[in-house]
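Labels below follow one simple rule: chain letters A, B, ... track the order of the sequence lines, proteins then strands, and each chain is numbered from 1.
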2 protein chains.
Amino acid sequence: MTGPSITIKDVAALAGVSSATASRVLSGNPATSAESRQKVAAAVAELDFHPNAQARALRSTRTNVIGLLLSDIRNPFFADLAHAAEQAALAEGLVTLLGNANESIPQQDRYLDTFISQRVDGVIAAPQGEGSSSLRAVLERGIPTVFVDRTVDGIDVPSVTTDSDSGIRQAVEHLARQGHERVGYIAGPQTTSTGRDRLKSFSRAAREFGLSADPALTYFGDFQSASGSTGAHHLLGLAQPPTALLAADSPMAVGALATLNRKGLRIGRDMALIAFDDIEWFSLLDPPLTVISHDVEAMGRTAVRLLLEVIDGHKPESVVLPSELIVRASSGTADPSLGRP
Amino acid sequence: MTGPSITIKDVAALAGVSSATASRVLSGNPATSAESRQKVAAAVAELDFHPNAQARALRSTRTNVIGLLLSDIRNPFFADLAHAAEQAALAEGLVTLLGNANESIPQQDRYLDTFISQRVDGVIAAPQGEGSSSLRAVLERGIPTVFVDRTVDGIDVPSVTTDSDSGIRQAVEHLARQGHERVGYIAGPQTTSTGRDRLKSFSRAAREFGLSADPALTYFGDFQSASGSTGAHHLLGLAQPPTALLAADSPMAVGALATLNRKGLRIGRDMALIAFDDIEWFSLLDPPLTVISHDVEAMGRTAVRLLLEVIDGHKPESVVLPSELIVRASSGTADPSLGRP
DNA sequence: AAGTCTTGTGGAATCGATTCCATGGAATCG
DNA sequence: CGATTCCATGGAATCGATTCCACAAGACTT
């Protein structure tokens, strides 16, 4: 289809130097004269030379590629995270191989194996499940790795996570102050650290602020929107339904919202709703949604920074970013008619 | 950090065959005996061998990597598209290198150069601008390429696009039937084919259904949400403001929505609003948003299918997917008080 | 029974860069 | 001024797979 592609030898020949010198110029090695730098640059421009990344990586064992493993890019939280990480990586000259695990462990492993084969310089992962064999393989090989958003128990890897506890505690306190006693919680999957931590925080705060500890008030979702719908449906159908709902991530909040709308419940009046994760348009809803917000952009940037430190052979401290409640109109006062439309 | 990594020679030695035979087994070459297949497989498993993708690509000139160039992964439309394409590619054994051009031509070129250096097997791009030099370089090198969502005039590459015309025409007709005469249009950037096509469709339909052709009713945005806000603000401030707004993509519709909310305008009553692109939660708004919908998942899948055909040396026909109006409550009847809150 | 065809195999060349090593000339030193 | 360092350079080895080529041994022809 195309002719034989242009190699560094062609560049070297045109510039009148050896390929060793051409290589040194291209990689910014200081042991080059101004004259050869200039001649090589001219030859590169004339031939529109693009060095073969495979050949370079094979010899130098640096690929300038990082692997980013997320669970679902369609979740706006992960889209923002991917965007932030990818832009931060690009600024450091690294390109990003994206893997969507789709909340599926086999698919996660498939991508991790690919990352190993591609000899990526590092991996940023929002992992799930416990001892994934591929995850262990990544670490055994000494591939620099950081966790983002989520961690895995028993695996000691630097991470950037959110302190969900503070935000959730604020949310529960806020609801309690409004007079809510029965708060339904739509939990994330217990195979993820965020799913487990947020549930623990919720339970602890519920106890602290005197909310009902009825286990029926917790529904286990999977962080995807359909489970938010069915969760809300289930909770509203209880003999003693809650007067407020708290969803552990934004897609499940969207699902819950759909159910509430379908049932004709007025949010903030008939039923309070709070979502974990802020999304631009949550404030545009009528009424605007009360949320637990955290800085996703910082999370992505920080993950790249930590990964670079690990690549440089250091062992950086993990970073925990704060979360905070942003009160909007969806979490109004509990009144006696609540929950009984 | 790690010991010398495991190569195919180690596998071959353990299996008691030559590396040539080991390679044949690994790549599924039929010229192998059952016995060596079995022995190599055992050795691979025992050593947890992951072939070096660089070495393989260098020799075979196949990388099994495709480049996906989008403008902004935070736009839900592109997130859905990325997800669909990535999953379809994975099913074919291809992994995806993601590039976010961020609606910036230099960054688009940066990624295209990276794709060339990485010797990707193919490129799926939602391009912008006209003769990007890097885009020309990609095509000159004969790298299989398909366009998705957008095209570039004068570049003959198979593409998957949406027939915006039918949906926009339906939307304009719908608004005209409701009695609207002045419809504000928040256009996309005219450096993109979708921005241009949709504006043309809108103008043509406006003429056909007798809407005002006042050029002040068109505001040029950039497909990002902030420009939707300022666009709506600008249009509402006209001496003769519109009674309905049509936004050329969903982020701009979200921005317009924010402005309408801030001004206290009731959507569907004080001001009609229609968005191009359907997003899950648009139907959850109060009132639910009327949208022009198209099948993003099919677009992603089709792009991968076309790319595979190009890689196989064929020249597939471009695909145009339909769009259609989905009427919800945000596009109500025009009444005399409209536009004068 | 002798020649032709298959089939599986191993040795060695190859892909395109980087990098080790040796070298020659200029610069610096005592 | 001779010895030593420094610098830029080119030749050749190297990274780890794939693939060309030659070859041996068995399966078929006629």
Given 3.5 Å as the limit, does a donor-acceptor pair link the side chain of Arg110(B) with the main chain of Leu90(A), or not?
yes
Looking at Asp312(B) and His314(B), would you say the former's side chain and the latter's main chain have a donor-acceptor pair under 3.5 Å?
no
Checking all strands, does [X] fall into the base, sugar-phosphate, or nothing category for heavy-atom contacts under 4.0 angstrom?
X	answer
Thr7(B)	sugar-phosphate
Ser33(B)	sugar-phosphate
Ser36(B)	sugar-phosphate

For the base of [N], is there a side-chain donor-acceptor partner from [X] under 3.5 Å away?
X	N	result
Arg56(B)	dT18(D)	no
Arg119(A)	dG16(D)	no
Arg37(B)	dG8(C)	no

Per [X] side chain, nearest of listed nucleotides [options]:
X	options	value
Arg59(A)	dG16(D), dG10(C), dC15(D)	dC15(D)
Ser60(A)	dT18(C), dG10(D), dC20(D)	dT18(C)
Ile8(A)	dT9(C), dA17(D), dT18(C)	dT18(C)
Thr32(B)	dT9(C), dG10(D), dG16(C)	dT9(C)

Looking at dA17(C), I'd like to know if its phosphate oxygens (OP1 or OP2) sit under 4.0 Å from a side-chain N or O belonging to Ser19(A).
no
Determine: side-chain N/O of Thr21(B) to OP1/OP2 of dG10(C), distance under 4.0 Å, yes or no.
yes
Can you tell me the base-pairing partner of dT5(D)? Count Watson-Crick or G-U wobble geometry only, both distances below 3.5 Å, and say none if there is no partner.
dA26(C)
Cationic N near anionic O, under 4.0 Å, [X] to [Y]:
X	Y	result
Lys39(A)	Glu35(A)	yes
Glu309(B)	Arg305(B)	yes
Lys315(A)	Asp156(A)	yes

Find which nucleotide of DNA chain C each of Leu58(B) and Pro30(B) is nearest to by heavy atoms, and output the residue with the more 5' nucleotide.
Pro30(B)
